[in-house]
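Nothing here was measured: the structure is a model prediction, and the numbers come from that model.
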Amino acid sequence: MVKELVFNYSYAAPFVRQSEIEMLAPYVAEAHRQLHEKTGPGSSFLGWLDLPQSLDRAELDRIKEAAQRIQDQAEALIVVGIGGSYLGSRAVIAALTHSFYNLLGREKRRTPQIFFAGHAISSKYLRELLEVIGEKDFAVNVISKSGTTTEPAIAFRILRELLKERYGVEGARERIYVTADASSGALRSMAEAEGYTSFVIPRNIGGRYSVLTPVGLLPIAAAGIDLDALLAGAAAAQSWYSRPVLEENGAYQYAALRNIFYRKGKTIEVLVNYEPSLYFLCEWWKQLFGESEGKDQKGIFPASVNFTTDLHSLGQFMQEGTRSIFATTVWVDQAGVDLLVPADAKDSDGLNYLAGRSLSEVNRKAFEGTVLAHTDGGVPNLVVELPELSPYYLGALLYFFQKACALSGYLLGVNPFDQPGVEMYKRNMFALLDKPGFAAQRAELEKRLK
């Protein structure tokens, strides 16, 4: 039986009155109207809103065919991109595959190793990635609307040359998969000139909302993950979170509570997980909310912790540090195969009270104990519960956060679909590197650096 995700804010009850939530209902309704009628700020970037149900099935079939080709021809796939061009697929692959996926033998893994490049300007990282690739057959999926973003463009140039050296021009052509703008940009021009297999980044979807487009779907499919189930979960969530009434919409409740806490001085939100495989989901979430809301001198700072690991470090700050934090936990009821704690005749470690109990049970009690402790310590806690860690429910969770982020941005009074501040560092870097057209700024920047 299919269940909805559960949004539970009962642990936040000591910090917010129900009347505060109800008073936001008219503003939520107006934000909902602007989103669905496409009349609000950034309305030209709302293609993700109905994407799960409107995705072109022919394009989906092409993605699956390309993924099968990658699986047949390559021992490794290198995904080249930065920000939204790689975080979505990395989050899904990490969450839904074996924790040690790349270390498994091909007979168990059955699909290519998946590596990521172009998300940093680190010669150490890229050189060591090339060492790991070694003599393996590999393919590249490069993702960029423009093709000129510095980090992925450098990585792709290096990898493209390696492909040509190893396989020749024709062989390289068969192993390069491009995801770019439909008709403009350097990467699209290169794809057409060289005859690379290519897919389109929809112009009406920003990078951080693009995980369910070819941007994310091709690497996810290459890793052997069920795209139909992932998209079905997102489509279900599209239906669940299209309800305009606040009390019937968990995503809207989450957005409303975030804004209530922000107005009370809770300016940092910590996303909590209890499964190491959700680490990159948190990284994706941080970009989604940070880039969407952090503007006009406003916004909630998105951070994340990995429990129970970080309970032995950051847990102290959350418990007794400055009261500027609220927490949101992503909890998975069934995360996978379970283990039991064995009995020990000597009980030298004092753990026999746990003998015969599952690690899932112990983990849940750690979660429950932490939520209660942090609540007592003055930290509001929100919880998003998934019945299981599966493609269906992960697809639903991705849509939950996207919808909540868009509505939260409108409640905050910002455009959640632009990112003007991201361009500032690029302009400075281009000037300092002597890029043509930036000479005028270089002298002033170098003076400031002395």
Side-chain angles (χ1 to χ4, degrees), residues 59 61-82 85-86 89-90 93 97 101-181 185-201 214-225 227:
E59 182 76 344
D61 288 341
R62 285 189 65 238
I63 292 170
K64 292 178 181 178
E65 290 168 4
Q68 183 62 59
R69 219 160 48 243
I70 292 169
Q71 292 171 359
D72 292 341
Q73 71 186 174
E75 297 174 75
L77 170 67
I78 303 177
V79 181
V80 178
I82 193 168
S85 293
Y86 93 103
S89 62
R90 191 163 195 177
I93 292 168
T97 60
Y101 175 85
N102 277 346
L103 298 180
L104 293 174
R106 187 63 185 259
E107 69 281 357
K108 288 187 176 181
R109 187 169 19 88
R110 298 183 180 178
T111 47
Q113 294 174 302
I114 310 291
F115 297 101
F116 295 87
H119 53 283
I121 313 175
S122 167
S123 58
K124 180 179 187 296
Y125 178 92
L126 194 54
R127 180 179 292 277
E128 290 173 356
L129 173 60
L130 296 178
E131 289 177 2
V132 169
I133 295 299
E135 298 303 315
K136 294 174 183 175
D137 287 322
F138 74 100
V140 171
N141 175 205
V142 56
I143 307 161
S144 174
K145 268 192 175 180
S146 66
T148 57
T149 303
T150 307
E151 296 89 341
I154 290 173
F156 181 49
R157 176 179 284 201
I158 292 169
L159 291 167
R160 187 173 71 247
E161 290 308 305
L162 178 58
L163 283 168
K164 289 179 181 178
E165 290 173 11
R166 184 171 298 183
Y167 302 106
V169 173
E170 184 60 36
R173 179 180 297 119
E174 295 174 355
R175 292 169 179 271
I176 293 175
Y177 300 81
V178 167
T179 309
D181 185 84
L187 190 56
R188 171 55 57 191
S189 298
M190 186 186 301
E192 293 180 355
E194 300 292 337
Y196 299 144
T197 298
S198 66
F199 298 91
V200 170
I201 302 175
V215 169
L217 294 180
L218 179 57
I220 291 168
I225 293 167
L227 294 191

For Ile176 and Arg160: C-alpha separation, side-chain torsions, deciding distance, then whether side chain to side chain contact (heavy atoms under 4.5 Å, CB included) applies.
CA-CA 8 Å; Ile176 293 175; Arg160 187 173 71 247; 3.9 Å; yes
My understanding is that only one of Thr179, Ile143, Asn141 makes a side-chain contact (heavy atoms from CB on, under 4.5 Å) with Phe199; could you say which?
Thr179
Taking all non-hydrogen atoms of both residues into account, name the closest pair between Pro219 and Pro214 and its distance.
CD-O, 4.2 Å
What are the two closest heavy atoms between Gly147 and Ala153, and how far apart are they?
O-CB, 3.7 Å
Please check this pair: side chain of Arg175 against backbone of Asp137, looking for a donor-acceptor N/O pair closer than 3.5 Å.
no
Does Gln71 reach the side chain of Leu77, with side-chain heavy atoms less than 4.5 Å apart?
no
Identify, with sequence neighbours excluded, every residue that meets side-chain contact (heavy atoms from CB on, under 4.5 Å) alongside Leu227.
Leu60, Ile63, Lys64, Leu217, Ile220, Ala221
Looking at side-chain heavy atoms only, is the closest gap between Arg166 and Ile133 below 4.5 Å?
yes
What pair of heavy atoms forms the shortest contact from Lys145 to Ile201, and how long is it?
CE-CG2, 3.3 Å
Calculate, to the nearest 0.5 Å, the distance between atoms CG and OG belonging to Leu218 and Ser89 respectively.
9.0 Å
Could you grab the distance from atom OG of Ser189 to atom CG of Asp181, nearest 0.5 Å is fine?
9.5 Å
Got a second to check how far Glu194's CD is from Glu192's CD, nearest 0.5 Å?
11.5 Å
Note, Gln73 side chain near Tyr167 side chain (heavy atom, < 4.5 Å):
no
Between Tyr86 and Arg90, is there a cation-pi geometry (under 6.0 Å to ring centre, at most 45° from the normal)?
no
Any Tyr196 side-chain heavy atom under 4.5 Å of Val142 side chain:
no
Mark yes or no for whether Arg62, through its side chain, and Ser198, through its backbone, hold a donor-acceptor pair below 3.5 Å.
yes
Worked check of side chain to side chain contact (heavy atoms under 4.5 Å, CB included) between Leu162 and Ile158
CA-CA 6 Å; Leu162 178 58; Ile158 292 169; 5.8 Å; no
Residue pair Leu159 / Leu130, side-chain heavy-atom distance below 4.5 Å
yes
Give the minimum heavy-atom separation between Tyr101 and Pro112, together with the two atoms involved.
OH-O, 2.6 Å
Distance from Ile154 atom CD1 to Ser123 atom OG, nearest 0.5 Å?
10.5 Å
Contact between Leu163 and Phe138 at the side-chain level, heavy atoms closer than 4.5 Å - yes or no?
yes
Just verifying a value: how many Å separate Thr111 OG1 and Gln68 CD, rounded to the nearest 0.5 Å?
10.5 Å
So which atom in Arg106 and which in Ala74 form the shortest heavy-atom distance, rounded to 0.1 Å?
NH1-O, 3.3 Å
Is it the case that the side chain of Thr149 and the backbone of Pro152 share a donor-acceptor pair, with hydrogens and angles ignored and the cut-off at 3.5 Å?
no
Do Thr197 and Arg69 have side-chain heavy atoms sitting under 4.5 Å apart?
yes
Write down the atom of Ile82, the atom of Gly118, and the distance for their closest heavy-atom approach.
CB-O, 3.5 Å
CZ of Arg110 to CG of Leu104: how many Å apart, nearest 0.5 Å?
11.5 Å
